[in-house]
Amino acid sequence: MTQHHNREDARDNRCDPAFAERQRIKEMLRRKHLALRDAIDKTDNVEFASKIRTDLRAFKPFSESECVSFYISVRSEVPTHIGILQSLEKGRITAVPKVCGNEIRLFQIKNMAVDLAPGSFGILEPRDHCPEIPIDAPTCHVVPGVVFDMGGNRIGYGKGFYDHYLRKISKNSTTIGLAFDCQIIDKFDAEPTDEPVDYLVSPSLGVFKTTKQPRVPVVGMN
């Protein structure tokens with residue numbers, strides 16, 4: 001089958017009633033769990049975030065990785081600013097994402113005050129002088145999400161930035177989702193273009209390996 005035909009199939013899939021129903025359910029889950037996350041008490045948020053951070057630091061695939069990437073947390077997301085600072089203090093190669101057109105790319109930072117500035121959607125992003133991290137560099141990626149299931153599938157904000165990026169990373173990289181307990185459910189139906197994470201970290205479950213299943217490559221969607 002040609003690459004052109006695969007693109008056509010991907011577009012046709014969006015007209016499929018079953019696909020539309022899965023998307024409707026995803027949007028419902030997104031709204032529900034955003035509200036649950038937003039409703040976490042500020043004191044609990046600090047306590048839960050500290051527990052997640054402690055468990056993450058003790059996790060060898062993270063602590064022993066020479067290169068780590070973090071999302072820049074906003075609103076009620078699991079906070080990452082302290083984790084970024086700790087990584088920088090240890091002298092590790094530390095990267096954060098920048099929206100470039102319709103995709104994200106990772107750039108190394110060495111000082112949050114100097115290297116970051118408000119960017120897309122008002123979120124802090126690396127300044128132009130920051131060097132890019134090659135997408136195939138072995139990296140431990142700390143990944144955001146609104147909803148995760150036990151298979152590591154994630155629902156984000158609907159732009160697909162992380163799915164697109166994670167689809168192309170090195171096989172020697174590790175992906176870790178950070179979530180409050182209210183963000184983790186048993187299962188939801190994922191799409192072939194969705195990229196699950198290898199591990200999840202939550203306050204009550206600690207770090208655990210997901211039941212991630214390998215995805216069938218989607219030709220023409222890179």
Side-chain angles (χ1 to χ4, degrees), residues 25-63 65 68-90 92 94-97 104 109 112-113 116 118-125 140-159 161-163 166 174-188 190 194-212:
I25 292 173
K26 276 189 174 182
E27 180 58 27
M28 179 187 70
L29 289 170
R30 181 182 290 115
R31 292 176 181 272
K32 174 184 176 181
H33 290 273
L34 270 176
L36 290 172
R37 194 181 73 185
D38 289 344
I40 296 174
D41 179 81
K42 288 184 178 180
T43 301
D44 289 338
N45 183 299
V46 171
E47 179 184 340
F48 295 157
S50 177
K51 176 66 165 58
I52 289 172
R53 201 161 48 243
T54 298
D55 289 342
L56 180 63
R57 284 202 310 268
F59 184 49
K60 283 190 175 182
F62 172 81
S63 64
S65 178
V68 295
S69 79
F70 291 86
Y71 62 93
I72 300 284
S73 58
V74 294
R75 298 182 292 276
S76 61
E77 290 179 331
V78 175
T80 56
H81 291 69
I82 294 177
I84 294 171
L85 287 170
Q86 290 173 338
S87 179
L88 291 171
E89 288 171 356
K90 290 185 176 181
R92 305 168 79 188
T94 304
V96 296
I104 58 169
I109 62 170
M112 292 184 72
L116 297 176
S120 301
F121 312 107
I123 300 172
L124 292 175
E125 291 185 341
C140 184
H141 298 278
V142 176
V143 180
V146 177
V147 187
F148 293 92
D149 73 8
M150 300 302 284
N153 298 303
R154 52 179 292 280
I155 298 174
Y157 295 101
K159 300 292 186 181
F161 289 137
Y162 267 91
D163 288 326
L166 296 178
T174 302
T175 54
I176 305 173
L178 305 187
F180 296 115
D181 293 337
C182 64
Q183 295 178 254
I184 301 176
I185 63 176
D186 184 50
K187 180 178 174 57
F188 61 83
D194 292 340
E195 286 296 320
V197 295
D198 300 311
Y199 299 90
L200 286 170
V201 191
S202 81
S204 66
L205 297 175
V207 182
F208 65 94
K209 186 172 179 59
T210 67
T211 57
K212 172 181 174 179

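One-based numbering along the sequence shown.
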For [Y], does its backbone N or O pair with a side-chain atom of [X] as donor and acceptor, under 3.5 Å?
{"X": "Arg30", "Y": "Gly156", "value": "yes"}
{"X": "Ser202", "Y": "Leu205", "value": "yes"}
{"X": "Thr54", "Y": "Ser50", "value": "yes"}
{"X": "Gln183", "Y": "Gly145", "value": "yes"}
{"X": "Ser63", "Y": "Ala58", "value": "no"}

Suppose we screen for side-chain hydrogen bond (donor to acceptor under 3.5 Å, both in side chains). Which residues come up paired with Asp186, at least two apart in sequence or across chains? none
Among all residues two or more places apart in sequence or in another chain, which pass the side-chain hydrogen bond (donor to acceptor under 3.5 Å, both in side chains) test with Thr210? none
When you look at Cys140 and Ile176, which way does the side-chain contact (heavy atoms from CB on, under 4.5 Å) test go after all the steps? CA-CA 7 Å; Cys140 184; Ile176 305 173; 3.5 Å; yes
Strictly below 4.0 Å, N to O, side chains only: are Glu47 and Lys51 in salt-bridge contact? no
Does Lys187 pair with Asp149 as a salt bridge, N-O distance under 4.0 Å? no
Exercise: identify the closest heavy-atom pair between [X] and [Y]:
{"X": "Glu77", "Y": "Pro144", "result": "OE2-CB, 4.2 Å"}
{"X": "Val207", "Y": "Leu56", "result": "CG2-N, 4.5 Å"}
{"X": "Ile184", "Y": "Ala179", "result": "CG1-CB, 4.0 Å"}
{"X": "Pro196", "Y": "Lys212", "result": "CG-CG, 3.5 Å"}

Between Val96 and Thr80, does a side-chain contact (heavy atoms from CB on, under 4.5 Å) hold up when you go through it step by step? CA-CA 11 Å; Val96 296; Thr80 56; over 6 Å; no
Atom CD in Glu27, atom NZ in Lys32: separation rounded to 0.5 Å? 14.0 Å
When rounded to the nearest 0.5 angstrom, what distance separates CD1 in Ile109 from CG in Leu124? 9.5 Å
Within the supplied structure, the quantity of interest is the number of heavy atoms (other residues, nucleotides, ligands) at a distance under 6.0 Å from Arg31 CZ; does it exceed 12? no
More than 12 heavy atoms of other residues, nucleotides or ligands under 6.0 Å from CD1 of Ile25: yes or no? yes
Quick check with a 6.0 Å cut-off and a 45 degree axis cone: is Arg92 positioned over the face of Phe70's six-membered ring? no
Let's go through Arg154 and Asp194 carefully: what are the C-alpha distance in whole Å and the side-chain angles of both, what is the deciding distance for side-chain contact (heavy atoms from CB on, under 4.5 Å) to 0.1 Å, and is it a yes or a no? CA-CA 8 Å; Arg154 52 179 292 280; Asp194 292 340; over 6 Å; no
Would you say [X] and [Y] make side-chain contact, with heavy atoms under 4.5 Å?
{"X": "Thr175", "Y": "Glu195", "value": "no"}
{"X": "Ile40", "Y": "Cys182", "value": "yes"}
{"X": "Thr174", "Y": "Phe62", "value": "no"}

Evaluation steps, side-chain contact (heavy atoms from CB on, under 4.5 Å), between Tyr71 and Val142: CA-CA 7 Å; Tyr71 62 93; Val142 176; 4.0 Å; yes
If we count only N and O atoms by modelled type, under 3.5 Å, do the side chains of Ser69 and His141 hold a donor and an acceptor together? yes
Whether Phe59 and Tyr199 hold their rings parallel, tilted or perpendicular, with breakpoints at 30° and 60°: perpendicular
